[in-house]
Asker: 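Okay, here's the structure, questions in a sec.
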Amino acid sequence: MSSPFHTLYDSTRGSDVGRELGEAIEAGLAQDGGLFLPRTMPRIEMDAISTDSFVDMSLDVMSHWLSGTEFRDTWRGIVDDALAFPVPIVPVDEDLFVCELFHGPTLSFKDFGARTMARLLGDRLGRTGESRVILVATSGDTGSAVADGFAGIPGIQVVLLYPGGGVSEVQERQLIAKRPGVHPFRVKGAFDDCQKLVKAAFDHPAWQGIPLSTANSINIARLLPQMLYYWWSVLNITRGAGLAAPSICVPSGNLGNLTAGVFAHMSGMPVAGFRAAHNANDFFPNYVAGKDAAFAATVKTLSNAMDVGAPSNFERLKTLLPGERLKALIQSDTTSDDETLETMRSVFTSTGYLADPHTAVGIHSVMEARKARHLEGPCVVMSTAHPAKFPDVCQQATGIQPDEPSRLADLVNAPTEWTDIEPDIDLLASHVRERISGAI
Ligand SMILES: *Cc1c(COP(=O)(O)O)cnc(C)c1O
């Protein structure tokens, strides 16, 4: 038998190179400030992949990435446990499909990455006997996915910082539900204040001795499982429906999701092309159009999980696809809030399908590209969140409120726990020490 595929991981900035996967996961950001990328990609034969179920397919794809690593004895159980939820592909019209990535515990696609990363990191810490405090600032989806994914993992405590009054009622309910090892802090301030606290903590004397780590989409462990639903979509469209390899449209913010799609393509998954659908935060569409593009301050929109002025994974995409290759593979455009609402309304009226505002940005992008004849043939839109996370926007667009899935409704009566705090780095450190003493 041939030995399994193995790759080292190198920083996009070229100094911190030659790391094993487990090291790259534990480090998060590379020491030179760059992001880790696999040095080589496995070559995955489409015909050899099972489509019996999402988990069966995931095991076939991930065996290429994980069976040659320190996770060789544990990865199957990890993938099986992390990703045991449905991933339906819903036809909206003859050639347009929505791949619903929101059937995990916290109703956004971030469950794929957070749940898998938590288990891989927990597995490694179990072997080294170390522990970690995961510190995250969140304005919504990331925080709840990380809280759910990392809760109860031995060796890991989670500290969540969210802006009081800056998240929706549904989102807050998901953040403060009492979970083992999870410590939410409601910060008097905006999301930027939370973000500043996280950045400051990493080299502040008050935090010395607290083994800090983070879990945002710079971590390579979040990107690996996000490849899986790209494979799932392409296999279902080609093998299942007998159509040509589709274009794939990704509602984008930090560009982590899109980067995972590019990983899948570079390891053998056929695709007609990618579309990065952005809201008014238009750095990437400008870049792809060859205009002057600079990172900018964040603009607030209805698709708030995509409100990112400086997408962190751009650095990965540029390194993966140098020169003109990026623009040959990826198209991109922007959708305004008015267009988002209008798309939600018209899709709902004509097909009965209720898309959340992020998915609507993706659908609008596809509709515009079709009109301009930039896009033909089958297309899959990645549906990144459940509409029930955005009841007010759904109401505004369509006049109806989506049904709450039971895992959201159940949270109404669930016990809650949080700490109110001023944005003060010393104060936060002493609270955190108190909370984690004994656990770490
Ligand atoms: C995080 C998020 C996005 C953006 O994903 P990136 O990987 O940051 O591009 C899109 N939609 C929803 C609902 C999200 O939570």
Side-chain angles (χ1 to χ4, degrees), residues 35 98-117 136-149 162 167-168 170-171 174-175 191 195 215-227 229-230 248-264 274-285 287-288 295 298 301-317 330 332 334-335 340 344 355-365 381-390 393-394 402 408:
L35 281 68
V98 169
C99 178
E100 294 187 345
L101 305 178
F102 54 70
H103 296 281
T106 72
L107 312 178
S108 89
F109 83 94
K110 293 202 167 68
D111 285 328
F112 288 85
R115 290 174 64 80
T116 309
M117 180 189 159
V136 262
T138 180
S139 54
D141 293 337
T142 297
S144 52
V146 167
D148 169 83
Y162 73 94
V167 301
S168 75
V170 177
Q171 286 173 324
Q174 290 186 305
L175 290 171
F191 173 67
Q195 189 94 331
N216 54 24
S217 66
I218 59 165
N219 200 297
I220 189 73
R222 285 190 36 177
L223 297 192
L224 298 183
Q226 288 181 190
M227 282 186 273
Y229 43 75
Y230 289 90
I248 302 186
C249 178
V250 189
S252 292
N254 261 321
L255 296 167
N257 203 2
L258 179 67
T259 302
V262 171
F263 280 10
F274 290 100
R275 296 191 68 75
H278 286 258
N279 59 27
N281 293 277
D282 60 0
F283 162 77
F284 192 65
Y287 175 82
V288 172
F295 284 178
T298 297
T301 75
L302 295 176
S303 45
N304 61 11
M306 293 159 33
D307 292 351
V308 180
S312 50
N313 281 287
F314 177 60
E315 186 165 333
R316 276 199 174 108
L317 284 175
I330 306 170
S332 184
T334 68
T335 292
T340 303
M344 290 171 74
D356 95 287
H358 304 81
T359 307
V361 168
I363 295 177
H364 180 260
S365 169
V381 173
M382 291 300 168
S383 178
T384 49
H386 195 294
K389 285 194 112 165
F390 307 93
V393 186
C394 291
L408 206 52

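For ligands, and for the atoms within them, numbers begin at 1 and follow the listed sequence.
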Asker: Run the ring pair (Phe, Tyr, Trp, His ring centres under 6.0 Å) test against H386 and tell me which residues pass, sequence neighbours left out.
Answerer: F102

Asker: Write none if no such pair exists; otherwise list each N/O atom of ligand 1 with its protein N/O partner under 3.5 Å and the distance.
Answerer:
from, atom 1, to, atom 2, distance (Å)
ligand 1, 7 (O), G256, N, 3.2
ligand 1, 7 (O), N257, N, 2.9
ligand 1, 8 (O), N254, N, 2.8
ligand 1, 9 (O), G253, N, 2.8
ligand 1, 9 (O), N254, N, 3.2
ligand 1, 9 (O), L255, N, 2.9
ligand 1, 11 (N), T384, OG1, 2.8
ligand 1, 15 (O), K110, NZ, 2.6
ligand 1, 15 (O), D141, OD2, 2.6

Asker: Quick one: list whatever passes salt bridge (Lys or Arg N to Asp or Glu O under 4.0 Å) with E315, sequence neighbours left out.
Answerer: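 With sequence neighbours excluded, E315 shows a salt bridge (Lys or Arg N to Asp or Glu O under 4.0 Å) to R13, given in chain and number order.
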
Asker: What's the spacing between F390 CZ and N304 CG if we round to 0.5 Å?
Answerer: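 If we round to the nearest 0.5 Å, F390:CZ and N304:CG are 5.5 Å apart.
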
Asker: Check whether any side-chain heavy atom of M382 lies under 4.5 Å from a side-chain heavy atom of L101, and answer yes or no.
Answerer: yes

Asker: L223 versus R316: any side-chain heavy-atom pair under 4.5 Å?
Answerer: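 In short, these two side chains touch, coming nearer than 4.5 Å.
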
Asker: Partners of D356 by salt bridge (Lys or Arg N to Asp or Glu O under 4.0 Å), sequence neighbours excluded?
Answerer: none

